Colleague: 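Mind looking over this structure? Questions follow.
Throughout, protein chains are lettered first and strands after them, A, B, ... in sequence-line order, and every chain is numbered starting at 1. This is a predicted model, so every value here is computed, not measured.
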Amino acid sequence: MPELPEVETVMRGLTPVMLNNKVSKVKLYRKDLRVPFPKNMEGRLAKRSILSLTRRAKYILVNFEGGVVLAIHLGMSGKVTIISSGERYDIQKHDHLVMTLEDGSRIIYNDPRRFGMIFMFDESELETHAAFKHLGPEPLGNKFSAPYLMRALKNKKTSIKQALLDQRVVVGVGNIYACEALYQAKINPEKQASTIKGGKVEELVSVIRDVLARAIKAGGSTLKDYRHADGELGYFQHNFTVYDRKGLACKDCNCNIEKTGGIQRIVQGGRSTFYCPRQQK
DNA sequence: AGTGTCGCCTGAATGC
DNA sequence: TGCATTCAGGCGACAC
């Protein structure tokens, strides 16, 4: 399930292949994902150099000449595979789009659950487009600071866990990294968001940055291995401290898990939350 | 306006 | 064994 670090890793993996290249062909295997594919993608992208790849929240942005931007969201199960020029590739189940570049390399978008999105917009709409206008600050950027987060949480009646998943508060933090950050900051996920104050907010900002930056680093270090293996980008081994570890011991406890039950799983807003009640009060 | 719930979708895991 | 059910979750739509 791609969150910000995985999306960043896929974007970085695509960059050397796409940069300064051009699209020569786009083949679709269905008409839509969550939203319809852009009309006449091939015609609109062809003959335009790819100037850069960037990321906003969990969207990969491919920036073409002339302000044309292609946005790719991986949803829950989206995967991107790079096939080098001349390399054999047999189309797989759930491959929905194949983009061929002028140098003959191909980019495959595969997404079993089809929660992903691919759409186009003009660079002038980066702030105003429906997909972006409600987005909060980038967690690794300067706008995401303790004073900012304090203000954002001030009147929030909801839990801190659900507040962190709210893209208006901060983007890119999904279920896994919200759990991990709250564990690292020793904050109980059920605490009402507005009650987190002062030093705790500073700590939260710092651990969110730290958790994401470390995951990006882990992703970057695996990139070339994935390229060598099969061209698939962006999924790498994580070592989570609480996520999906119900009943196991947490790293900072030496409690008897027979008695304490170890890491707990609760449901908040229909999502699983994993936490240690002894570390996170 | 802020908050909570639902539906989208498929495959893996679980239940009977 | 095989069929049915449950669960996972990012995000938009919708209700209150």
Colleague: A:Phe274 CZ to C:dC7 C1': how many Å, rounded?
Modeller: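 Taking atom C1' of C:dC7 as the reference, CZ of A:Phe274 is at 11 Å.
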Colleague: Expressed in angstrom and rounded to an integer, what is the separation of A:His73 atom NE2 from C:dC11 atom C1'?
Modeller: 7 Å
Colleague: Whole-Å distance between C:dG9 P and A:Arg113 CZ?
Modeller: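 Spelled out: CZ on A:Arg113 to P on C:dG9 is 9 Å.
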Colleague: Taking only N and O in the side chain of A:Ser77, is any of them less than 4.0 Å away from OP1 or OP2 of C:dA8?
Modeller: no
Colleague: Please identify which of these residues, A:Glu138, A:Glu6, A:Glu3, meets the salt bridge (Lys or Arg N to Asp or Glu O under 4.0 Å) condition with A:Arg55.
Modeller: A:Glu138
Colleague: Rounded to whole Å, please give me the gap between NZ in A:Lys79 and C1' in C:dG10.
Modeller: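 So the NZ-C1' distance, A:Lys79 to C:dG10, works out to 15 Å.
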Colleague: Counting only heavy atoms not in A:Glu127 (residues, nucleotides, ligands), do more than 12 fall under 6.0 Å from its CD?
Modeller: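 Count not over threshold, so no.
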Colleague: If you count the non-hydrogen atoms of other residues, nucleotides and ligands that lie under 6.0 Å from CZ in A:Arg168, is the total more than 12?
Modeller: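 No - once you tally the heavy atoms of other residues, nucleotides and ligands closer than 6.0 Å, there are 12 at most.
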Colleague: By nearest heavy atom, map A:Arg271 and A:Ser159 onto DNA chain B; which one lands nearer the 5' end?
Modeller: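 Nearest nucleotide further toward 5': that of A:Ser159.
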Colleague: Between atom CD in A:Gln167 and atom C1' in C:dA13, what is the gap in whole Å?
Modeller: 13 Å
Colleague: Which residues end up grouped with A:Ile266 if you chain together Ile, Leu, Val, Met, Phe, Trp and Tyr wherever their side-chain heavy atoms are less than 4.5 Å apart?
Modeller: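 Its cluster partners, ordered by chain and number, are A:Tyr275.
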Colleague: Nearest to the side chain of A:Arg265, heavy atoms from C-beta on, is which of C:dG12, C:dC7, C:dG10?
Modeller: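 Nearest to the side chain of A:Arg265 among the choices is C:dC7.
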Colleague: How is A:Asp111 classified with respect to the nucleic acid when contacts are heavy atoms under 4.0 Å: base, sugar-phosphate, or nothing?
Modeller: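 The answer is nothing, as A:Asp111 stays clear of every strand by at least 4.0 Å.
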Colleague: For A:Tyr59 and C:dG10, give me the distance from atom OH to atom P, rounded to whole Å.
Modeller: 13 Å
Colleague: Using whole Å, what does the distance between atom P of nucleotide C:dC11 and atom CE of A:Met76 come to?
Modeller: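 These atoms are roughly 11 Å apart.
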Colleague: Please report, rounded to the nearest Å, how far the C1' atom of C:dG12 is from the CG atom of A:Asp166.
Modeller: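 Spelled out: CG on A:Asp166 to C1' on C:dG12 is 13 Å.
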Colleague: Spell out, yes or no, whether A:Leu70 and A:Phe132 are grouped together once hydrophobic residues are joined by side-chain heavy atoms under 4.5 Å, including indirect joins.
Modeller: no
Colleague: Distance check: side-chain N/O of A:Tyr177 vs OP1/OP2 of C:dG9, anything under 4.0 Å?
Modeller: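 False: A:Tyr177 side-chain N/O out of range (4.0 Å or more) of C:dG9 OP1/OP2.
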Colleague: Which nucleotide of DNA chain B is the first, and which the last, in the 5' to 3' direction, to come under 4.0 Å of a heavy atom belonging to chain A?
Modeller: B:dT3 to B:dG11
Colleague: Do other residues, nucleotides or ligands put more than 12 heavy atoms under 6.0 Å from the CG atom of A:Asn142?
Modeller: no
Colleague: Tell me if a side-chain donor or acceptor on A:Gln184 pairs with a main-chain N or O of A:Glu180 at a distance below 3.5 Å.
Modeller: no
